[in-house]
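Remarks on the structure that follows.
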Amino acid sequence: MNKSFFLSILCCFIYITTATSQELTGQQLLEKSIQYHDPNGNWKTFNGTLQVTMETPKNEPRVSTIKINLPKEYFYLKAARDGKTTEYTIEKNDCTIAFNGKTDISEEVIKENKLSCERANLYKNYYTYLYGLPMKLEDKGTIIDPKVMKKTFKGKEYLVLKATYAESVGKDTWYFYFDPKTYAMEVYQFYKDESKNDGEYILLTEEAVINGVKMPKKRAWYYNKDNGYLGTDILGN
């Protein structure tokens, strides 16, 4: 094999490899990331407990125990901070609230601590969405942009997936950043109004495997506008 022929073959191989990478669709990227984070399809039948500590500047840590049983439509949250303990339980359409171990709560305490079943459902959606990513991007009402972008963020190049939502689901625009080799999700970012550079970005570091699902162990939150630090969620084993 002469040198020029070998170089031609090599260039052709590089071109094909590059073209294949560039032609990866949004749905294909999502599938590859799901294969990384949930290779055995365990999320759909997830039944487990998460221990999460939220650290924020100038505040005591909030320690939360979260139980999620997707097949039974069950969600439980027990959060403790500053000597106060709040418990929310949702089982299908039923919701119960306890404060400092009591379910008989005065209106004054309810108002002072903003206790409500609406808030319970917000927590349920929040925790199942964030710890269920990227699998939750398969949910009905999620619109995956077919075009995959390449972006450099914090000095690293990522494959980036854009997701928007049907009006009945949500109005935010989200971007998900994946390692181009492993397809691990390492950053996500959302905007209320992208033209104003509002919203936040979240850096994901380390991993914890819960019931066969790879989840970020640490999630550090920052403002898009000024990189202001908001806090970190730490997932325990």
Side-chain angles (χ1 to χ4, degrees), residues 8-46 48 68 70-71 125-192 194-195 197 199-222 224 235:
S8 297
I9 294 294
L10 180 61
C11 289
C12 182
F13 174 77
I14 292 172
Y15 171 78
I16 291 171
T17 303
T18 304
T20 302
S21 174
Q22 290 174 343
E23 290 168 7
L24 196 67
T25 67
Q27 188 60 42
Q28 287 170 337
L29 176 57
L30 174 58
E31 288 169 2
K32 286 180 179 294
S33 184
I34 290 174
Q35 180 61 31
Y36 173 84
H37 285 279
D38 186 18
N40 298 311
N42 290 340
W43 175 253
K44 291 180 181 179
T45 57
F46 187 84
I68 300 171
L70 294 181
N125 294 335
Y126 172 82
Y127 283 113
T128 54
Y129 180 79
L130 292 183
Y131 285 107
L133 286 171
M135 292 71 72
K136 290 290 287 179
L137 295 177
E138 291 189 311
D139 284 3
K140 186 177 180 181
T142 305
I143 302 165
I144 300 298
D145 193 311
K147 184 179 179 181
V148 173
M149 296 171 282
K150 286 186 176 181
K151 286 186 181 181
T152 299
F153 192 82
K154 303 292 183 183
K156 179 173 177 176
E157 187 175 87
Y158 290 98
L159 297 178
V160 181
L161 184 69
K162 179 181 179 181
T164 53
Y165 298 86
E167 190 173 342
S168 60
V169 177
K171 298 179 181 179
D172 295 348
T173 299
W174 285 72
Y175 292 92
F176 299 89
Y177 295 67
F178 302 98
D179 182 282
K181 293 181 180 178
T182 66
Y183 304 107
M185 183 178 62
E186 295 186 356
V187 184
Y188 42 78
Q189 183 176 36
F190 70 89
Y191 298 91
K192 301 287 184 184
E194 197 167 349
S195 66
N197 195 32
E200 300 160 15
Y201 66 88
I202 300 90
L203 304 181
L204 313 175
T205 54
E206 302 179 46
E207 286 181 345
V209 179
I210 311 292
N211 290 14
V213 180
K214 294 175 185 172
M215 299 180 178
K217 191 165 185 177
K218 294 182 180 179
R219 292 189 290 126
W221 298 72
Y222 300 84
N224 286 324
L235 178 62

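Note that the numbering runs from 1 along the sequence shown for the chain.
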Residues Lys150, Leu159; criterion side-chain contact (heavy atoms from CB on, under 4.5 Å); working and verdict: CA-CA 5 Å; Lys150 286 186 176 181; Leu159 297 178; 3.9 Å; yes
CG-CD distance between Leu24 and Glu31, expressed to the nearest 0.5 angstrom: 9.5 Å
Atom of Glu157, atom of Pro180 and distance for their closest heavy-atom approach: O-CD, 3.4 Å
Separation between CG of Leu161 and CD of Gln27, rounded to the nearest 0.5 Å: 8.5 Å
Atom pair CH2/CG of Trp43 and Leu70 - distance to nearest 0.5 Å: 5.0 Å
Lys/Arg-Asp/Glu bridge criterion (N-O < 4.0 Å) met for Asp172, Lys192: yes
Cationic tip of Arg219 above Tyr188 ring, under 6.0 Å, 45° of axis: no
For the student: nearest non-hydrogen atoms of Asn224 and Gln189, plus distance: OD1-NE2, 3.0 Å
Over 12 foreign heavy atoms within 6.0 Å of NZ, Lys218: no
Minimum-distance pair of heavy atoms, taken over all atoms of Pro134 and Leu30: O-CD1, 3.5 Å
Sidechain-backbone polar pair: Asp145 side chain, Lys147 backbone, donor-acceptor under 3.5 Å: yes
Nearest-0.5 Å distance, OH of residue Tyr126 to OH of residue Tyr131: 7.0 Å
Residue that, paired with Glu186, satisfies salt bridge (Lys or Arg N to Asp or Glu O under 4.0 Å) out of Lys181, Lys156, Lys214: Lys156
Nearest heavy-atom neighbours spanning Val169 and Lys140: CG2-O, 4.1 Å
Exercise: identify the closest heavy-atom pair between Ala163 and Ile144: CB-CD1, 4.2 Å
Partner of Tyr158 under ring pair (Phe, Tyr, Trp, His ring centres under 6.0 Å), chosen from Tyr177, Phe176, Phe153: Tyr177
Reported NZ-to-CG distance for the pair Lys136 and Asn125, which is rounded to 0.5 angstrom: 7.5 Å
More than 12 heavy atoms from other groups under 6.0 Å of CD on Glu167: no
side-chain contact (heavy atoms from CB on, under 4.5 Å) between Phe46 and Met135, worked out: CA-CA 12 Å; Phe46 187 84; Met135 292 71 72; over 6 Å; no
By side-chain hydrogen bond (donor to acceptor under 3.5 Å, both in side chains) - contacts of Tyr36 (at least two apart): Glu207
Ring centre gap for Phe178 and Tyr183 strictly below 6.0 Å: no
Lys151, NZ atom: more than 12 neighbouring heavy atoms under 6.0 Å: yes
Test side chain to side chain contact (heavy atoms under 4.5 Å, CB included) applied to Ile143 - qualifying residues, sequence neighbours left out: Thr164
Distance (rounded to the nearest 0.5 Å) between Leu235 CG and Ile210 CD1: 5.0 Å
Nearest atoms (heavy-atom pairs only) where Leu133 meets Met185: CB-CE, 3.6 Å
Under 3.5 Å: donor-acceptor pair, side chain of Asn42, backbone of Asn211: yes
